[in-house]
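First comes the structure, then the notes that go with it.
Computed from a predicted model, the values in this text were never measured in an experiment. In listed order, ligands and their atoms are each counted from 1.
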Amino acid sequence: MKLEENISLKAFNTFGVDAVAHSFVTISSIGQLEQVFSQLISPEIPFLVLGQGSNLLFTGDYKGVVIKNEIEGIDLVDEDDEHVYIKAGAGVNWHEFVLHCISHDWGGVENLSLIPGTIGAAPVQNIGAYGVELKDLLHSLRAWDVRKKKLVEFSNTDCAFGYRNSIFKQDLKGVVVIGEVIFRLTKKHTIKVGYGAIQDELAKQGISKPTIKDVSNAVIAIRSSKLPDPKLIGNAGSFFKNPVVTQEFFNHLNTCYPDVVAYPSGTVMKLAAGWLIEQAGWKGFHEGSVGCYDKQALVLVNLGGATGKEILHLAERIQASVKGKFDVELEMEVNVV
Ligand code: EPU
């Protein structure tokens, strides 16, 4: 384990943006977390933990230490009649974890198939898709606390999960580094196909009694058809969150725009940001090497050689235009560094 200097981050972020890390270190075990913080990084130096860089945008070089988390391992640690408890290292690729679970007939993660990123990044933004969020599956996690200088355990409640949000993005941002996560998965499965897109895909495939494997395959098919593969086109999935508005504001919007797409979320309404961006005329837009994806307007793309600043500039233009047309603020989901 050693600090390397001036390392290009281009291969370490799914936007494929070129930026340089002043210092860079790779860790491959939970024990090395302690070593990194006691021996290599002094408290005043900023650090950034990288999984697969699938939810961040570098707008310039990183002046601190980038810690590449490559803690591996997937193990069954406990079970009862209904559940298995699976421990996974923070560096495990999320989709490989999903496929591993499905091959062992451990259920719950199937709706989250093909989400880019790692186990360690998943709790930070409470990844979610097709009616399931990570918070529904996470039992607990262990992380290094740089203030307490020790490993600490977080229960599901301690993580304070919200929509694409958690304590790790808020109060504990830059304070803890996730080392491993324990999931509580099912032996007797509850198939969640409430989402219209999954039902349509299963019907298309002639499947009426889907298994968790069928649901995973359906989600893979849907995602592959709508979302660009970061290996081919630089992107970070949804760039913005779906904005939450009051029922009253929604009613007003609905009067002006009867086609507005929204879903009830508790007592408020969640607007489909993709719809707002498309209506504002951005879907399929490209200028130079940045663009707004033509099959899902919520995704910004690097068409080759874009800088983080150029992508951020497009994001800000989209925000301003959606605000101007609908009076709705779009909040970025991607972590801008
Ligand atoms: N829509 C449009 N135009 C577009 C895109 C979407 O009109 O260009 C409308 C359509 O009516 C569509 C609806 O918006 O039916 C919803 O679109 P979609 O099912 O693609 O879902 P989303 O709300 O845009 C969210 C998540 C995705 C997740 C999907 C499926 C957020 C920010 N994004 O997208 O997560 O995969 O639901 O559950 O919540 C991610 O976070 O990176 C991500 C991809």
Side-chain angles (χ1 to χ4, degrees), residues 13-15 51-57 94-95 98 109-118 121-136 161-166 169 192-201 215-216 218-230 233-245 250 253-254 257-265 268-285 291-301 315 318-319 321-322 325-326 328-335:
N13 70 98
T14 58
F15 257 124
Q52 277 156 357
S54 59
N55 197 45
L56 55 79
L57 178 65
W94 175 264
H95 184 56
V98 170
V109 285
E110 55 279 2
N111 293 48
L112 303 181
S113 297
L114 212 61
I115 295 185
T118 56
V124 177
Q125 63 148 1
N126 184 23
I127 59 168
Y130 306 106
V132 175
E133 286 184 337
L134 180 106
K135 72 166 170 47
D136 308 327
F161 288 123
Y163 167 54
R164 295 295 189 278
N165 207 356
S166 74
K169 251 180 140 173
K192 294 205 179 78
V193 290
Y195 231 84
I198 299 191
Q199 285 171 10
D200 295 348
E201 183 58 38
V215 174
S216 171
V219 169
I220 290 171
I222 301 163
R223 289 188 76 95
S224 309
S225 70
K226 281 212 266 195
L227 298 168
D229 179 350
I233 305 176
N235 77 92
S238 301
F239 198 95
F240 304 99
K241 290 184 186 182
N242 284 330
V244 171
V245 297
F250 169 76
L253 204 61
N254 198 212
Y257 301 97
D259 297 338
V260 61
V261 182
Y263 309 93
S265 169
V268 290
M269 295 294 283
K270 213 185 249 182
L271 302 175
W275 184 89
L276 298 170
I277 298 168
E278 180 174 349
Q279 297 304 309
W282 292 99
K283 193 173 186 171
F285 170 89
C292 177
Y293 195 53
D294 56 1
K295 297 194 190 101
Q296 163 54 289
L298 205 42
V299 178
L300 302 190
V301 289
I318 292 174
Q319 280 177 319
S321 125
V322 166
K325 187 170 170 75
F326 300 106
V328 172
E329 309 266 358
L330 287 183
E331 189 189 335
M332 294 184 199
E333 187 202 291
V334 166
N335 187 11

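Ligand 1 places these atoms under 4.0 Å from at least one heavy atom of Phe240: 32 (C). Near Arg164, meaning under 4.0 Å from one of its heavy atoms, ligand 1 places the atoms 26 (C), 27 (C), 31 (C), 33 (N), 35 (O), 39 (O), 40 (C), 41 (O), 43 (C). Listed by number with element, the atoms of ligand 1 under 4.0 angstrom from any heavy atom of Lys226 are 18 (P), 19 (O), 20 (O). Within ligand 1, the atoms closer than 4.0 Å to a non-hydrogen atom of Tyr163 are 31 (C), 32 (C), 39 (O), numbered from 1 in the order shown. Of all atoms in ligand 1, numbered sequentially from 1 with element shown, those under 4.0 Å from a heavy atom of Gly237 are 42 (O). With ligand atoms numbered from 1 in the order given, ligand 1 contributes 3 (N), 4 (C), 8 (O) to contacts under 4.0 Å with heavy atoms of Lys283. Near Arg223, with a cut-off below 4.0 Å to any heavy atom, the atoms of ligand 1 are 36 (O), 44 (C). Proximity to Tyr195 (heavy-atom distance under 4.0 Å) selects the following atoms of ligand 1: 30 (C), 37 (O), 38 (O).
Looking at Gln125 and Asn55, their side chains do bring a donor and an acceptor atom within 3.5 Å of each other. For the residue pair Ser54/Thr14, the side-chain donor-acceptor check at 3.5 Å is not satisfied.
Between Phe326 and Trp275, the ring center distance clears the sub-6.0 Å criterion.
Contacts with ligand 1 closer than 4.0 Å are made by no heavy atom of Lys295, backbone or side chain. Residue contacts with ligand 1, taken as heavy atom pairs separated by less than 4.0 Å, involve Tyr263 solely via side-chain atoms from C-beta onward. Contacts of Gln296 with ligand 1, taken as heavy-atom pairs under 4.0 Å, involve both backbone and side chain.
Considering backbone and side-chain atoms together, Lys241 places no N or O closer than 3.5 Å to any N or O of ligand 1.
Between Glu333 and Lys241 there is no salt bridge, since no side-chain nitrogen of the basic residue lies less than 4.0 Å from a carboxylate oxygen of the acidic one.
Looking only at distances, a side-chain donor or acceptor of Asn126 sits under 3.5 Å from a matching main-chain atom of Leu134. Under a 3.5 Å cut-off, the side chain of Asn235 and the backbone N or O of Pro228 do form a donor-acceptor pair. A donor-acceptor contact shorter than 3.5 Å is absent between the side chain of Trp282 and the backbone of Ser321. Checking side-chain atoms of Gln319 against main-chain N and O of Leu330 turns up a donor-acceptor pair under 3.5 Å. A donor-acceptor pair under 3.5 Å is formed between the side chain of Arg164 and the backbone N or O of Gly128.
In this structure, atom 32 (C) of ligand 1 has a protein heavy-atom contact shorter than 4.0 Å. There is a protein heavy atom closer than 4.0 angstrom to atom 13 (C) of ligand 1.
In this structure, atom 34 (O) of ligand 1 lies nearest to the protein heavy atom Leu298 CD2, 4.1 Å.
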Which is it for Phe240 and Ile277 under the side chain to side chain contact (heavy atoms under 4.5 Å, CB included) test, yes or no, and what are the steps along the way?
-> CA-CA 10 Å; Phe240 304 99; Ile277 298 168; 3.7 Å; yes
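Nearest residue to atom 8 (O) of ligand 1 from Gly131, Ala197, Ala297 is Ala297 (criterion: closest heavy atom).
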